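Comments concern the structure below.
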Amino acid sequence: RVSAMSIAALKASWPAFLAPEARNWLVGHVNKGQLSASVFRVSTVGGPTPGDPTARPELRLSMTTEATGVDIATAKGLPPIEVPRVLVRVDGNAVEATAPDAMLTAADGKRLSFKGARLTVVETAAGDQPTAELAFRVQGSVAALTDVGDRDGVQLLKSSGLAFAG
């Protein structure tokens, strides 16, 4: 168990060798927030066997935590997404984050509300191309949606080479 801490403290204390891709994403995209008490477990998988005495064990991270007041940077040119509460589970090479509500504020101050957001990412190990699924409902004015849709960040996402389905 780990006691409550700020996202800044988590960034500073997370060892670079444990789930490095998840750590790098957190450092680069999560601007602020507060973690509640969390459960972290580090175990080893594999290692030396009679058939391969030189095999190295692989570290595996499992984590469950809830965060509040989270600010997530998206693409350059887009405002951050404000997430009042999110539950994050990491199990080896899989990550799942669920948030009942989130908001993105357009330039004119109007908000887009995201409801029931769920992000699932699998195969996050180094060298693998992760597969992600993002599901949510959005509410807001057409003006706010148009403002966000016209931003450079949306074009950046479209030209990123990522494959989008649905």
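Bear in mind the structure is a predicted one, so any value in this text is a computation, not a measurement.
Linking Ile, Leu, Val, Met, Phe, Trp and Tyr residues whenever their side-chain heavy atoms come within less than 4.5 Å places Met63 and Val42 in a single cluster. Residue Leu134 is grouped with residue Val83 when hydrophobic side chains (ILVMFWY) are merged at heavy-atom distances under 4.5 angstrom, including chains of intermediate members. Clustering ILVMFWY residues whenever any of their side-chain heavy atoms sit less than 4.5 angstrom apart, transitively, puts Leu26 in the very cluster that holds Leu35. Taken together through direct or relayed side-chain contacts under 4.5 Å among Ile, Leu, Val, Met, Phe, Trp and Tyr, Val138 and Ile72 form part of one hydrophobic cluster. If you chain together hydrophobic residues whose side chains sit under 4.5 Å apart, Leu87 and Val90 never meet in one group.
Here the CZ atom belonging to Arg85 is positioned 10.0 Å from the OG1 atom belonging to Thr68, to the nearest 0.5 angstrom. Between the CG atom of Asp91 and the OG1 atom of Thr64 there is a distance of 8.5 Å, given to the nearest 0.5 Å. Between the CZ atom in Phe136 and the OG1 atom in Thr98 there is a gap of 15.0 Å [rounded to 0.5 Å]. Considering CD of Glu82 and CE of Met103, their distance stands at 5.5 Å, rounded to 0.5 Å.
By the 4.5 Å heavy-atom criterion applied to side chains, Asp71 and Val30 are not counted as neighbours. The shortest side-chain heavy-atom distance between Gln139 and Arg111 does not fall under the 4.5 Å cut-off.
The environment of Arg23 atom CZ is dense: over 12 non-hydrogen atoms of other residues, nucleotides or ligands sit within 6.0 angstrom.
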* To do: Walk me through it: do Thr120 and Val95 pass the test side chain to side chain contact (heavy atoms under 4.5 Å, CB included)?
  => CA-CA 6 Å; Thr120 305; Val95 178; over 6 Å; no

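For residues 26-41, the pairs satisfying side chain to side chain donor-acceptor pair (under 3.5 Å) are Trp25-His29, Ser38-Thr65, with sequence neighbours left out.
The two residues Pro57 and Pro48 make their nearest non-hydrogen contact at CD-CD, 4.5 Å.
Side-chain atoms of Arg118 never come within 3.5 Å of backbone atoms of Ala97 as a donor-acceptor pair (strictly under, hydrogens ignored).
In this structure Lys115 satisfies the salt bridge (charged side-chain N to carboxylate O under 4.0 Å, His left out) test together with Asp101, sequence neighbours excluded.
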